[in-house]
Peer 1: 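Dumping the structure here so I can ask a few things about it.
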2 protein chains.
Amino acid sequence: MPHDAGSWPGDGSWAQADPRDAVATTKADQIRHAIEEMIISGTFPPGTVLRQDELSRRFGVSRTPIREALRQLGAVGFVSFTPNRGVRVQALDRDEWSQTYLARAVLEGAAAEAAATRITDDQLDELAAANAQFAHHTGVLRRANASRDDRGQAALAWVESNERFHSGILQAAELPVVERLVTSLRRVFSGEASWAPGSAADSLYAANLKQHEAIQAALAARNGRAARALMEAHIMDSWALMESVLDESQHD
Amino acid sequence: MPHDAGSWPGDGSWAQADPRDAVATTKADQIRHAIEEMIISGTFPPGTVLRQDELSRRFGVSRTPIREALRQLGAVGFVSFTPNRGVRVQALDRDEWSQTYLARAVLEGAAAEAAATRITDDQLDELAAANAQFAHHTGVLRRANASRDDRGQAALAWVESNERFHSGILQAAELPVVERLVTSLRRVFSGEASWAPGSAADSLYAANLKQHEAIQAALAARNGRAARALMEAHIMDSWALMESVLDESQHD
DNA sequence: TTGAACCATTTCGGATCCAAGATGTCCGAC
DNA sequence: GTCGGACATCTTGGATCCGAAATGGTTCAA
């Protein structure tokens with residue numbers, strides 16, 4: 001191996017971030033994951049130009065696996081290629097964002113409908129737990145007198161419990177292909193928002209919580225049609241929430 | 001360039017197959033396209049193991065661009081990777097197929113709804129033309145006394161006019177993100193069927209045609225809700241048609 | 001002063017070389 | 001006869017090298 005492999009940024013935990021790679025994996029795949037995480041976490045904000053040489057130094061490998069990693073990210077839409085010019089972290093405009101939400105809405109709606117007939121009691125319990133968490137963090141976010149630090153913590157936890165709820169439903173639907181699609185849509189979009197849901201439209205958070213509970217109830221009642229309609233409306237409303245966050249951060 | 005570049009299979013028309021690549025493109029991208037076409041056209045049936053060395057000889061390039069092309073195809077799901085073992089053309093089982101259709105159904109349904117409010121008269125004319133073509137080829141397919149060769153021709157033309165109708169609606173919807181998603185879903189699935197719709201359930205073809213016409217009418221009437229419901233039902237019915245074709249080919 | 005051509009620099013794309021993982025076979029031991 | 005291990009071979013993964021495209025700055029002429 002060239003360069004100094006010991007000079008890795010962080011602690012090397014980038015490797016095997018995904019259990020799928022635990023058994024056997026290539027550097028190209030590990031690096032794809034690492035770059036993906038860096039994009040999502042905001043280390044590489046949208047619009048950033050990624051230089052192969054710089055990345056190869058940072059990861060302590062030659063440019064070959066870097067290029068393969070970038071090709072994969074390009075195929076999936078995380079970065080955009082310009083031949084002989086380099087790659088740049090994809091930046092979505094508002095219209096593309098809204099379409100991403102639309103796609104998620106109909107796909108997760110279909111998943112919710114499927115889940116209604118298949119969900120087990122254990123899975124329903126899991127959803128209830130996720131929603132309890134969600135309710136708690138929503139409360140912290142809406143509390144005006146919370147410190148800035150608390151808000152940041154709560155925002156992260158809010159996103160996490162939200163994901164827990166949504167992926168719980170996707171798993172219950174037993175539609176792995178659809179689940180993969182939604183996951184990739186969600187990852188692409190999460191890259192842009194360095195999520196500080198912060199002070200955004202207060203009532204929207206409350207509505208969001210109510211919607212989660214309504215969806216949960218529909219699933220418990222095995223009402224597929226209702227679950228679908230509610231989920232669709234919920235995600236389109238989340239888009240409104242997201243838009244208000246975007247507007248806000250634009251005014252900075 | 002190594003090897004004999006003159007020994008290209010075919011006539012070199014693989015290059016610049018996509019106008020997007022016309023201005024500036026890399027060999028890796030051209031080869032990705034070429035392999036993709038080969039998978040779709042059935043040259044590389046599902047399950048085929050793709051050897052880098054063989055591909056590099058076939059395309060007259062070194063293994064480097066081949067590997068980048070395969071990485072891209074892998075990221076998109078056309079092929080599956082096994083580290084140190086090679087890549088294999090992805091084979092979908094019946095359940096994954098059905099999910100692919102479900103995803104298409106809801107996404108194209110949403111597109112149809114959007115199209116209803118935006119479609120122009122010119123675009124409506126184009127849909128009508130596509131459907132006229134579709135009707136014609138459906139007729140040939142249903143004619144029992146057609147020769148085997150005629151049927152093959154008609155089958156291809158049938159698929160083509162079907163795509164013309166569907167992509168016409170997607171374009172009218174002005175949702176490029178959704179359109180890309182659907183296109184990639186459709187490409188993956190078309191790889192499997194070396195489409196000889198042939199003798200499959202006759203009444204299903206007739207139903208398919210009627211559904212196209214109903215969707216067209218809903219769009220003309222600017223009825224988004226109806227267009228969406230009809231499109232969804234249409235694609236789920238197409239799945240039934242596809243399933244019967246699959247069953248049939250299984251009995252060979 | 002401005003614009004166009006030329007050259008140096010940077011970065012990428014592709015080719016080649018080498019190392020490492022995987023498979024299959026052959027041989028020997030039990 | 002069968003099981004296990006060592007070895008030969010095949011294929012992939014990664015590193016390095018080189019040519020080509022794009023950029024930016026400089027110079028010369030109009």
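Only heavy atoms go into these numbers, but all of them, side chains included; no hydrogens, no water, no symmetry mates. A note on names: the letters A, B, ... follow the listed sequences, proteins ahead of strands, and every chain is numbered from 1.
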Peer 1: Rounded to whole Å, please give me the gap between CZ in B:Arg32 and C1' in C:dG14.
Peer 2: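 Checked: the CZ to C1' distance equals 17 Å.
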Peer 1: Roughly how far, to the nearest 0.5 Å, is the NZ atom of A:Lys27 from the OG1 atom of A:Thr64?
Peer 2: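 Output value for this atom pair is 11.0 Å.
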Peer 1: Rounding to a whole Å, what distance do you find between A:Leu70:CG and D:dG14:P?
Peer 2: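 After rounding, the gap between these two atoms is 14 Å.
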Peer 1: If you look only at pairs with a residue in residues 169-181 of chain A, which of them pass as a salt bridge (charged side-chain N to carboxylate O under 4.0 Å, His left out), with sequence neighbours excluded?
Peer 2: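 Residue pairs with at least one partner in residues 169-181 of chain A: there are none.
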Peer 1: Between the axis at one end of the helix from C:dT1-D:dA30 to C:dC30-D:dG1 and the axis at the other (five pairs apiece), what's the angle to 10 degrees?
Peer 2: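 Inter-axis angle at the ends, rounded: 10°.
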Peer 1: So A:Gln52 and A:Leu70, do their side chains get closer than 4.5 Å, heavy atoms only?
Peer 2: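 Yes; the side chains approach each other to less than 4.5 Å.
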Peer 1: For B:His137, enumerate each residue passing the ring pair (Phe, Tyr, Trp, His ring centres under 6.0 Å) test, keeping only those at least two apart in sequence or located in another chain.
Peer 2: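 With neighbours one apart ignored, the set is empty.
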Peer 1: Under the side chain to side chain contact (heavy atoms under 4.5 Å, CB included) rule, collect the residues that match up with A:Gln99, sequence neighbours excluded.
Peer 2: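 So A:Gln99 forms a side chain to side chain contact (heavy atoms under 4.5 Å, CB included) with A:Asp95, B:Leu175, B:Pro176, B:Val177, B:Val178.
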Peer 1: At less than 4.0 Å, is any side-chain N or O atom of A:Thr64 found next to OP1 or OP2 of D:dG14? Yes or no.
Peer 2: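 Negative; the distance criterion is not met.
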Peer 1: Tell me the interatomic distance from B:Gln30, atom CD, to C:dG13, atom P, rounded to whole angstroms.
Peer 2: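 To the nearest whole Å, that distance equals 13 Å.
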Peer 1: Listed by chain and number, what are the ring pair (Phe, Tyr, Trp, His ring centres under 6.0 Å) partners of A:Phe165, not counting sequence neighbours?
Peer 2: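 A:Phe165 satisfies ring pair (Phe, Tyr, Trp, His ring centres under 6.0 Å) with A:His212 once adjacent residues are dropped.
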Peer 1: Each nucleotide N or O in nucleotides 7-13 of chain D that has a protein N or O under 3.5 Å away: list the pair and distance.
Peer 2:
| unit_1 | atom_1 | unit_2 | atom_2 | d |
| --- | --- | --- | --- | --- |
| D:dT11 | O3' | B:Arg51 | NH1 | 3.0 |
| D:dT12 | OP1 | B:Arg51 | NH1 | 3.1 |
| D:dT12 | OP1 | B:Gln52 | N | 3.4 |
| D:dG13 | OP2 | B:Gln52 | NE2 | 3.1 |
| D:dG13 | N7 | B:Arg63 | NH2 | 3.0 |

Peer 1: Can you check the B:Leu55 CG to C:dG14 P distance for me, whole Å?
Peer 2: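 Going from CG in B:Leu55 over to P in C:dG14 covers 15 Å.
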Peer 1: If I compare all heavy atoms of A:Arg118 with all of A:Ala172, which pair ends up nearest, and what's the gap?
Peer 2: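 Nearest pair, atom of A:Arg118 first, then A:Ala172: CB-O, 3.7 Å.
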Peer 1: Just the rounded figure in Å: distance from P of C:dT10 to CZ of A:Arg57.
Peer 2: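 Taking atom P of C:dT10 as the reference, CZ of A:Arg57 is at 12 Å.
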Peer 1: Verify, without hydrogens or angle tests, whether A:Gln171 (side chain) and A:Gly168 (backbone) share a donor-acceptor contact under 3.5 angstrom.
Peer 2: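 No, A:Gln171 side chain to A:Gly168 backbone: no donor-acceptor pair under 3.5 Å.
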